[in-house]
Amino acid sequence: MSNSRGGCESCNEITGASAKDLLNQDLAKQVRTAYDRIEDRGVSACLFGSGGTCCRNCNMGPCQIIDGVESMVGICGATAATVVARNFARTVAAGTAAHTDHAREMVMGFIETAKGNTPHGIKDVAKLHAMAEIFGVEIEGRDKNEIALELGEKALAEFGQQKGTLAMLKRAPAKQQKIWKEKGVEPRGIDREVVETMHRTHMGVDQDYKNLMKQASRCSLADGWGASMLSTELTDIMFGTPVPRRAIVDLGVLSADKVNVTVHGHEPLLAEALCLAAEDEEMLALAKKVGAKGINLAGVCCTGNEILMRRGIPVAGSFIQQEMVLATGAVEAMVVDVQCVMQSVAQVVKEKHTDIITTNYRAKMPDAIHMQFEEEDPLGSAKRILTHAINNFKKRGEYYIPKNNKVDVVVGFSHESINYMLGGRFRQSYRPLNDNIINGRIKGLGALVGCEHYKYSDDVHFKIAVELLKNNVLVLATGCAAQALGRRGLMRPEAASEYCGAGLAEVCETVGMPPVLHVGSCVDNSRLLIALTEMVKAGGLGDDISQLPACGTAPLWMSEKAVAIGQYFVTSGAHVIFQNLPISGSKQMSDFLLAGIKEEYGACWDCEEDPIKLARKMIKAIDGKRAALGINKKQDRVLFDMEMRRDLSSGQGIPGVGCGQK
Ligand code: SF4
Ligand code: MSK
């Protein structure tokens, strides 16, 4: 039932062209990867675990529950619905906690930057002022660092806040805010919602699945509109809001004659310091001294996305490629921080010169070297790490960098740059996007986000995206899904004519953008919340997110963060489809999350294993929204005359007419 190099028969395209090339080389044949471990383990997933009905929340268990069988409730009497809901809520809490701790680090780094204690600065003053307004920070007559310091301290206070609501909830459409208030799911403080979720899922506390899901929603909002959004926005202010730029991705970005240092994880504080250190004369001289032509920084996973978006630093690999990157033997050091770093990476490099360098006290690993990243001395930390990596260059032995495996991408689509690209310098509005949706050139928006998964072919993202593009659905991508789509060539502007339906192709070609927009890391899904909100505010597509012709998916989700993300999108009114969810063990919970929750927030979850069927479900959901808005009929094409162009420049917009018309 298995192929020669890992994975089940249905996923023999799992590794992609570059990894297949690499794994066929002698030097990589001995490397054990996750694909091999799936084969080695030889056991299929536990049905109770997959269905969400295994409870080990107390020591009377573990209890495996069978829905509807009286003798198979928990020893405490917990039903399938209770257990599935508790497990689901805990997954949301764990995902939220991960984003929260990441965000806390970024806010603390922001405060140190405002105090002048880091090599970074305040790069995006416009965003600083916008955020200051949201947090009630006075900007008149004040220095940017002074404003940033007060903003940082107010943001940090939201983590430990006990009462009230989070400041950024008021960025949401008014109707969403009203729903959250009525349903009682406005988060009070970021940490509080995580703690309360863990408490309420403890043995013998909340045993009403709908009440548990209400808390899961509240907790997820603390992630999306709280922690994640704070992280994205303050990181942008410090390191610059992404703008479209060209870059390259895939294993071929590694260099034969430079010191290769890959940065893997999530928090960009260290990665940004490494970018500065890699340009430092002293470091470059050291690299030369050991016989290297320079220093080649490359990203992996979401740290990769962060520096790809802001600096155009190449990405060597996504989540499923982290072992492949090391199997090349061409990497002097993989520098890791938190989240999505597989313990196997230290084993992959055991016979190689490569060092795995852990840098965060929270995340250590046997057989890795720990070099703590000192927040008060980022550049010094980065130079120490880089020096270690450079000294490894002389020890490099046999290596293989897959040839012809670097793919051009255009990345950097923050919600501001989408605004700019589609709205133009004078308009700066989502109205042209809305117009193109209303006139039918663009059917709607599809968000393709989240992780990758070794059990499924990495073709899944590609198949879904191609089906969406063919049907004129503009794709916004984040996380490792974005990297998978970049590797397959969908982030080149030319992809518009190759893959899109006529309407979407026309818009992309006119604007000069790729049909799949890279919006950032997994924390940056908060950018999608703002993009959806801007669409509501631009008008013509209803008055809340649930009315927009948009649908999201994280088909190959792996991390608990993806479930938190999905839940905050559903609670914000956006329909979300995954390939599977651990809820099938309870009919009540399945019925609620896959339908009933829609009555509360205007959106629900859905599951579909087959990628094409999943894409078609997304299209059907978008078509349903179009029909409800009354924009499902083909509209006559209207050509711009000079007067219309002047109206566009004045920011008024012309209903039914898009920017793509020549
Ligand atoms: Fe079993 Fe109840 Fe304990 Fe869970 S909380 S392990 S269902 S006894
Ligand atoms: S890194 S959370 S595998 S997107 Fe953000 Fe990728 Fe998913 Fe980790």
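Because the structure is a prediction, the values reported are computed rather than measured. Atoms within each ligand, like the ligands themselves, are counted from 1 in listed order.
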Ser318-Glu452 side chain donor-acceptor pair, cut-off 3.5 Å =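 There is such a pair (donor and acceptor under 3.5 Å, judged by atom type) between the side chains of Ser318 and Glu452.
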
Just checking, any donor-acceptor pair under 3.5 angstrom between side chains of His102 and Gln339?
->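 Short answer, no.
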
For ligand 2, which atoms sit closer than 4.0 Å to a heavy atom of [X]?
X: Met558; value: 3 (S)
X: Ser559; value: 2 (S)
X: Cys480; value: 1 (S), 3 (S), 4 (S), 6 (Fe)
X: Phe319; value: 3 (S)

What is the minimum heavy-atom distance between His202 and Arg86, and which atoms define it?
->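 Here His202 and Arg86 meet closest at O-NH1, 4.3 Å.
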
Option from Thr241, Val411, Asp236 for which side chain to side chain contact (heavy atoms under 4.5 Å, CB included) with Arg310 holds =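 Only one of Thr241, Val411, Asp236 forms a side chain to side chain contact (heavy atoms under 4.5 Å, CB included) with Arg310, namely Asp236.
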
Which bit of Cys302 is near ligand 2, meaning a heavy atom under 4.0 Å away: side chain, backbone, both or neither?
->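 For Cys302, backbone and side-chain atoms both sit under 4.0 Å from ligand 2.
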
Side chain, backbone, both or neither: the part of Cys451 lying under 4.0 Å from ligand 2 by heavy atom =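 Both backbone and side chain.
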
Out of Gln339, Lys561, His266, Gln322, whose heavy atom sits nearest atom 1 (S) of ligand 2?
->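 Nearest heavy atom to atom 1 (S) of ligand 2 lies in His266.
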
Among the heavy atoms of Arg86, does any lie under 4.0 Å from an atom of ligand 1?
->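 Arg86 counts as a contact of ligand 1 under the 4.0 Å cut-off.
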
Any side-chain heavy-atom pair of Pro314 and Leu308 under 4.5 Å =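 The answer is no; the side chains never approach within 4.5 Å.
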
Donor-acceptor contact below 3.5 Å, side chain His264 vs main chain Val336 |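 No, because the side chain of His264 does not come within donor-acceptor range (under 3.5 Å) of the backbone of Val336.
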
Mind checking how many protein N/O/S atoms fall short of 2.8 Å from atom 1 (Fe) of ligand 1?
->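 Considering protein N, O and S only, atom 1 (Fe) of ligand 1 has 1 within range.
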
Side chain to side chain donor-acceptor pair (under 3.5 Å) partners of Arg104, counting only residues at least two apart =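 In terms of side chain to side chain donor-acceptor pair (under 3.5 Å), with neighbours along the sequence ignored, Arg104 is linked to Asp101, Asp191.
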
Is there a heavy atom in Gly450 that sits closer than 4.0 Å to ligand 2?
->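 Yes; Gly450 lies near enough to ligand 2 that a heavy-atom distance drops under 4.0 Å.
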
